[in-house]
Participant: 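For reference, the structure I am asking about is given below.
We name chains A, B, ... by the order of the sequence lines, and we start the count at 1 in each one.
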Protein chains: 2
Amino acid sequence: MTERRRRGPRRALTEEAILDAALELLDEGGADAASIRTIAARVGVAPNAVYTYFPSKAAVLRAVVERILGDIEHDVAADRARPWRERVESLALHVRERVLAHPAALPLMVGGPLDGRNALALHEQLLDLMGDAGLPPSDAARAAYLLVVYLFGAMALNVAQVPEPGPLPPEAERVAARRRRFAAVPTESFPRTAAAADTIATYVTSEQFLWGLRRVLDGISALAAHTATDGSPA
Amino acid sequence: MTERRRRGPRRALTEEAILDAALELLDEGGADAASIRTIAARVGVAPNAVYTYFPSKAAVLRAVVERILGDIEHDVAADRARPWRERVESLALHVRERVLAHPAALPLMVGGPLDGRNALALHEQLLDLMGDAGLPPSDAARAAYLLVVYLFGAMALNVAQVPEPGPLPPEAERVAARRRRFAAVPTESFPRTAAAADTIATYVTSEQFLWGLRRVLDGISALAAHTATDGSPA
DNA sequence: ACCTGAACACCGTTCAAGT
DNA sequence: ACCTGAACACCGTTCAAGT
C-alpha cells in the first residue's frame, strides 16, 4: 500500500479529477457539454488519456451517477424512534435535494440500470424502511421499488420541464414558466386541463412531490394495515 | 386548400415517411441508430433534406414521441359504467403495452416536456378519471400527475434494465437476467437486498407494474374517501 | 503505466447551388 | 418549394509511438 506517485510528469490524472470535471461540465452545460474531449481539456490532458482510467464514455457517466448518489446521507432516515412515514419523507426530500442539484444527471439515472453500490445502498435503506412499516419481505421489496419509481420518475419529469442547461431556476420561476405555457392550452380541445392550469403549473414544486409521495405512502400503509389484520407475520 | 403536389421528382418526402423511418431505426437499433443521416438514407434522400420538414433532430424526435402517444386508444377507459379504478388500470396497461413496444423512445419521453397534443390528451383523460373518482379539481390534477409520474417512471426504469437495443425480450427472459445479476449482490453489504433477490428480479414484470399502480390508486382512494367524509363537493 | 499525435468513422447543421 | 454536394465544427474511440 505504499502508493508511489508523481515522479516526473506521469500521473497527471486521477479518476476523481475526471469525475469532478465531468460533473462540473454536466452541471454547467448539460449532457452535450460533457464530452470526452471537453472533460479531457478541463483536466488539461489529451482526449484519449481518459481511456487509461475508464473504458468508455458510458463508464464515466455511470461513475458520475454513482458519485451523485454517494452524496446521499444515510442517517436522515436512520432514527428508528421516528415513525417510518416521517423517515421516508425525510429521506425522499433529502434525495430530491441532492439529485436535483445535478439536473442533467437525471436522464442518465433513469436511462440506465441503477445498480451501482450507492444505488443499492439506497434500495437497501428503502427495504429497511418498508420492513419497519410492517410489510412482509416480498411486499417490502415491491414497495421499495414503488418508491424508487416514484422518486426517480418525479425527479426526471421535474427536470424535463426545463429546456435550458445549467442549474435549475428557483421554484417560483419554474412555476411561472409553466403557468405561461399552460395558459395557452386550448379550452375546446382540453377543457379539464385548461381549467386546472393553475394547479398544473405547480407540478414541478417540492410540495407536489411530497403530496404524491404521501398518496403512495397511504397506499403502502393500507397494505401494511391489511397485513396486520390478516395476522401475517410482521 | 387545393394542395398541389408531385409535378416531377420533387416531393420525394413526407413528414410521415421521415417519422416512420425514424421510429423503425429507433426500434431496431436504439437511440444511436436513429441519426439524421441514417433516417435520410432510409427514405432515400440526402441528410439535409430532412431539414425541409423539421427544424432540428430534436424536433424529429419530439414528433416521434407524439406519434407513439397517438397509438394510445382513448376508449379503453371511456366506459363510465365501469368503476374508475378498473378504468385506470385498463388505461395504464394499455399505455404500457403501446409504449414499451418502442423501448428506445422512453428516454425521450421522460427527458422532455410531454406537452404535445397526444400527451395532453392522455393527461386530459387522467384528469377526467380522477374527477370520476370523486376528487375536487385541484386534487384531481395532482392525482393525474401522480399517475403520469408513476406510469412513465415505471416504464422508463423497466426499459433501463435492458442494455441491448431492439425490442424488449420476453418478460421471463428479463426476469431471469435480473435474477442472475442480483444473485451476485454481496450479502454482507446489502443483506436485505440479497435476501429479497427473487422478488427484486420481478420488478420488471407487468405484475409489479400493476401492483405498484394499485398502491397508488389505494392512496388516491383514501383521499377521495376522506374528501367525501369531509363533505366537500364532488 | 501513462500520456500524446494522428487518424478513422461518424455526428448535426449550414450554405450555396440547382430544378 | 424542395432537394443536393460540399463543407464546418464537432463527436467517441483506436492505434502506434514516446517516456
Side-chain angles (χ1 to χ4, degrees), chain A residues 1-19 21-23 25-26 28-65 104 107-108 111-112 163-165, chain B residues 1-22 25-26 28-65 104 107-108 111-112 163-165:
Chain A
M1 300 284 189
T2 21
E3 288 265 2
R4 308 209 197 164
R5 292 255 161 114
R6 224 177 317 171
R7 62 160 106 112
R10 9 183 96 181
R11 207 76 197 171
L13 239 58
T14 341
E15 294 186 20
E16 274 296 326
I18 293 170
L19 295 181
L23 185 53
L25 287 161
L26 216 53
E28 294 166 11
D32 293 344
S35 69
I36 289 287
R37 294 173 118 99
T38 54
I39 294 168
R42 179 152 300 203
V43 293
V45 97
N48 46 1
V50 174
Y51 289 88
T52 309
Y53 297 86
F54 295 94
S56 65
K57 182 184 181 181
V60 175
L61 294 179
R62 271 195 300 274
V64 167
V65 166
L108 306 175
E164 320 83 32
Chain B
M1 301 280 191
T2 20
E3 289 265 4
R4 307 211 195 166
R5 293 252 163 115
R6 222 178 321 172
R7 62 160 104 113
R10 9 182 101 178
R11 208 76 199 172
L13 238 58
T14 340
E15 292 185 23
E16 274 295 326
I18 293 170
L19 294 181
D20 284 348
L25 287 162
L26 215 54
E28 293 165 11
D32 293 343
S35 70
I36 289 288
R37 295 172 117 98
T38 55
I39 293 167
R42 178 150 302 202
V43 294
V45 98
N48 45 3
V50 174
Y51 289 88
T52 309
Y53 297 85
F54 294 94
S56 66
K57 182 185 181 183
V60 175
L61 295 178
R62 270 196 300 273
V64 167
V65 166
L108 306 176
E164 320 85 31

Participant: Rounded to whole angstroms, how far apart are CD1 on I18(A) and C1' on dC3(C)?
Facilitator: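 About 12 Å, once rounded to whole Å.
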
Participant: Between dC3(C), dG12(C), dC11(D), which nucleotide gets closest to the side-chain atoms of S35(B)?
Facilitator: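 Nearest to the side-chain atoms of S35(B), counting from C-beta on, is dG12(C).
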
Participant: For F54(B), which contact category applies under a 4.0 Å heavy-atom criterion: base, sugar-phosphate, or nothing?
Facilitator: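 No contact.
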
Participant: Would you sketch DNA chain D in dot-bracket for me? Only Watson-Crick or G-U wobble pairs with both distances under 3.5 Å count, crossing pairs as [ ], other-strand pairs as |, the rest as dots.
Facilitator: ||.|||||...|||||.||

Participant: DNA chain D: T38(A) or P55(A), which has the more 5' nearest nucleotide?
Facilitator: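 Upstream on the strand: T38(A).
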
Participant: Over all heavy atoms of both residues, which pair between A104(A) and G30(A) is shortest? Give the atoms and the distance, please.
Facilitator: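 Here A104(A) and G30(A) meet closest at CB-CA, 3.8 Å.
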
Participant: Of A46(A) and R37(A), whose nearest nucleotide on DNA chain C comes first from the 5' end?
Facilitator: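 The residue whose closest nucleotide sits nearer the 5' end is A46(A).
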
Participant: Answer whether the closest heavy-atom distance between the side chains of L19(A) and Y53(A) falls below 4.5 Å.
Facilitator: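 No - every pair of side-chain heavy atoms lies 4.5 Å or more apart.
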
Participant: Are the side chains of T52(B) and L13(B) in contact, using a 4.5 Å heavy-atom criterion?
Facilitator: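 Result no, sub-4.5 Å side-chain heavy-atom pair not found.
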
Participant: Using OP1 and OP2 only, check whether a side-chain N or O of Y53(A) sits under 4.0 Å from dC3(C).
Facilitator: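 For dC3(C), OP1/OP2 do have a side-chain N/O of Y53(A) under 4.0 Å.
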
Participant: Which nucleotide wins on minimum distance to the side chain of T52(A), given the candidates dG12(D), dC2(C), dT14(C)?
Facilitator: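 For the T52(A) side chain, the nearest candidate turns out to be dC2(C).
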
Participant: Rounding to a whole Å, what distance do you find between I36(B):CD1 and dA7(D):P?
Facilitator: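 In whole Å, dA7(D) P lies 21 Å from I36(B) CD1.
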
Participant: Which residue lies toward the 5' end of DNA chain D, A49(B) or D32(A), if each is placed at its nearest nucleotide?
Facilitator: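 Final value for this comparison: A49(B).
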
